[in-house]
2 protein chains.
Amino acid sequence: MATETEENYIKAIFKITEKNQGAANTNAIAKHLNTSAASVTDMLRRLSEKEYFHYEKYKGVYLTTKGIQMATQLVRKHRLWEAFLVDKLGFQWDEVHDIAEQLEHVDSDELIARLDKFLGNPKYDPHGDPIPNAEGKFTLRSQISLLNLKKSEEGTVVGVRNNDTLFLQYLNKLCINLGTRIKIISENDFDHSKEILIDGEIQTVLSQKACNNLYVKKTIL
Amino acid sequence: MATETEENYIKAIFKITEKNQGAANTNAIAKHLNTSAASVTDMLRRLSEKEYFHYEKYKGVYLTTKGIQMATQLVRKHRLWEAFLVDKLGFQWDEVHDIAEQLEHVDSDELIARLDKFLGNPKYDPHGDPIPNAEGKFTLRSQISLLNLKKSEEGTVVGVRNNDTLFLQYLNKLCINLGTRIKIISENDFDHSKEILIDGEIQTVLSQKACNNLYVKKTIL
DNA sequence: AGATATTTTTAGACTAATCTAAAATTTAAT
DNA sequence: ATTAAATTTTAGATTAGTCTAAAAATATCT
């Protein structure tokens, strides 16, 4: 089991990398945890032995699969507790963060499974943020166009911007339907076209215009 | 705010003095907290500056009013969480202690007030132990579970904890009803079962689970 | 009362997490 | 391409909580 401090470091790194798209640097983590850069370096050096993340001196840090799993479960716990505090105890949505911050460190899988069920397996917390399931999967609520999906990210098709027949026929030919999984293999900076993988099988290229027309729910993990 | 460790020391001292009627000694605290006597001495010396208790070398320790208040609030929090885990999340009464042990350290008076209300201001936890109110007062039980009846003590059945059909049928078979007198003949330290005498006639053995489920009014002898 | 056993405390050391100040490295700018 | 600025790391210290082994105090038993 990880200590509370360790869990907070993992969560901070997760949040920073989620936002910044790239390694989390020492100063950002220090600011996030309200501690000194020296402390962070120290902690990263010791914690990196536990393989939650990759750490290279002066190069910042990014989570391993193990680290991402841990962070996702923490997010799940945090958001379930927030849902409990608002839905059951009648707190306002802006009063619950600090309490959930404490509750999320309580260690019991059984507790979280039962809490989830008690709340009716909610998909979103009181802030509208998605609650990961026990396996760590969750979809972003707001659908985004494929334009906003970055390299190596994945999403599920949920719709199109407009029902242009030609576009729908085009999608058909590519075997892209509602529910189809799409992964971004690479992005072309010149014309903003994207190389994509359809349902883990077919590989093709979509133009910027096509990407803009296609809505997906982003898959985390 | 006290650290989690500090809170655990206060609670241990409270429980020991509650039982032993007198100062809590070093060894007892060490055993209770599963730590060494040396660590306890060390902790007592440092903690006594915070005026939660009086400490004199070699003489043991007893709580001040401040310490008793703190301990009582911890007990309140612990028992409210246990009630939540059993009544709302469907845990068994014997599964909740370790989880409540973690939850009780979450720091928010507002949270506890709302939890209390949400549970319907319960007077007793799932083990039949009384829950102190926000001011630290709690009602003495006139009814206690058979668990708390010691060897050679006697009581009259006044109720059951929950109306589990199987349990009621079981009681029926043993000729145990409201008003039945029960005397404890012996206690088994291994599995906490008790040998009992029913209405001065029938002798049998009740498991810990059965004892916990059966409420009696203790007969003053 | 004196010897023995038990309990408690001290001494010294360890780990996790933190700090400040100084040194090293990377990034940005002229 | 140097220099300046920002970032990151090291060095050395601190605090809370813990440990073992040894010393000191108290309790127990003839």
Side-chain angles (χ1 to χ4, degrees), chain A residues 1-13 15-17 19-63 67 70-71 74 101-102 104-105 107, chain B residues 1-13 15-17 19-63 67 70-71 74 101-102 104-105 107:
Chain A
M1 239 284 287
T3 67
E4 204 167 308
T5 310
E6 284 174 7
E7 291 189 341
N8 285 334
Y9 270 86
I10 304 298
K11 228 181 60 169
I13 295 166
K15 284 192 179 167
I16 293 164
T17 48
K19 200 167 274 182
N20 292 11
Q21 220 69 8
N25 57 19
T26 307
N27 262 1
I29 299 170
K31 188 180 276 183
H32 206 280
L33 293 174
N34 207 28
T35 186
S36 73
S39 301
V40 172
T41 300
D42 225 50
M43 196 67 182
L44 294 183
R45 190 170 40 68
R46 279 184 293 123
L47 248 184
S48 62
E49 283 166 24
K50 300 201 178 179
E51 314 223 305
Y52 291 119
F53 49 72
H54 296 288
Y55 168 55
E56 227 180 316
K57 271 164 99 174
Y58 296 102
K59 294 281 173 64
V61 79
Y62 62 95
L63 294 178
M70 181 174 177
L74 284 168
E101 202 78 1
Q102 297 181 65
E104 75 188 8
H105 296 295
D107 176 41
Chain B
M1 238 284 286
T3 68
E4 204 166 309
T5 310
E6 284 174 5
E7 291 189 340
N8 286 335
Y9 269 87
I10 304 297
K11 227 180 59 168
I13 295 166
K15 283 192 178 167
I16 292 163
T17 49
K19 201 167 271 181
N20 292 10
Q21 220 69 9
N25 57 19
T26 308
N27 262 359
I29 299 170
K31 190 180 273 181
H32 206 282
L33 293 173
N34 206 29
T35 184
S36 73
S39 301
V40 173
T41 299
D42 224 49
M43 197 65 182
L44 294 183
R45 190 171 40 69
R46 278 182 293 125
L47 248 184
S48 61
E49 284 165 25
K50 300 201 178 179
E51 314 223 307
Y52 291 119
F53 50 72
H54 296 288
Y55 168 56
E56 227 181 314
K57 269 164 101 176
Y58 296 102
K59 294 282 173 63
V61 80
Y62 63 94
L63 294 178
M70 181 174 178
L74 284 168
E101 201 78 2
Q102 296 181 67
E104 74 187 10
H105 296 295
D107 177 40

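Only a predicted model underlies this, so the values are computations on that prediction, with no experimental measurement involved. All chains are named by letter (A, B, ...) in the order of the sequence lines, taking the proteins before the strands, and each is independently numbered beginning at 1.
- B/Asn27 has its CG atom 8 Å from the C1' atom of C/dT8, to the nearest Å.
- Residue B/Glu6 places its side chain closer to D/dG17 than to any other of D/dG17, C/dA17, D/dT8.
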List, with names and distances, any nitrogen or oxygen atoms from the protein found under 3.5 Å away from nitrogen or oxygen atoms belonging to nucleotides 24-26 of chain D.
| residue | atom | partner | partner atom | Å |
| --- | --- | --- | --- | --- |
| D/dA25 | O4' | B/Tyr58 | OH | 3.4 |

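- Taking CD1 of A/Ile13 as the start and CE of A/Met70 as the end, the distance is 10.0 Å to the nearest 0.5 Å.
- Against DNA chain C, the stretch residues 35-54 of chain A makes heavy-atom approaches under 4.0 Å through A/Thr35, A/Ser36, A/Ala38, A/Ser39, A/Asp42, A/Met43, A/Arg46.
- When the side-chain nitrogen and oxygen atoms of A/Thr26 are compared with OP1 and OP2 of D/dT7, none of them lie within a distance under 4.0 Å.
- Side chains of B/His105 and A/Gln102 form no contact here, defined as non-hydrogen atoms less than 4.5 Å apart.
- Within the 4.5 Å cutoff, the side chain of B/Val61 has no heavy atoms near those of the B/Thr17 side chain.
- In this entry the distance linking CD of A/Glu4 with P of C/dT18 reads 11 Å, nearest Å.
- Between A/Tyr55 atom OH and D/dT9 atom C1' there is a gap of 7 Å when expressed in whole angstrom units.
- Between A/Met43 atom CE and A/Asn8 atom CG the span is 9.5 Å, to the nearest 0.5 Å.
- In this structure, A/Tyr9 does not reach the C/dA16 phosphate: none of its side-chain N or O atoms is under 4.0 Å from OP1 or OP2.
- Between A/Glu104 and A/Lys11, some side-chain heavy-atom pair lies under the 4.5 Å cut-off.
- To the nearest 0.5 angstrom, B/Asp42 atom CG is 10.5 Å from B/Leu47 atom CG.
- Taking the side chain as every heavy atom from C-beta outward, B/Thr35 and B/Tyr9 approach each other to under 4.5 Å.
- Put simply, CG on A/Asn25 is 11 Å from P on C/dT27, counting in whole angstrom units.
- A salt bridge does not link B/Glu6 with B/Arg46: every distance from a Lys NZ or Arg NE/NH1/NH2 to an Asp or Glu carboxylate oxygen is 4.0 Å or more.
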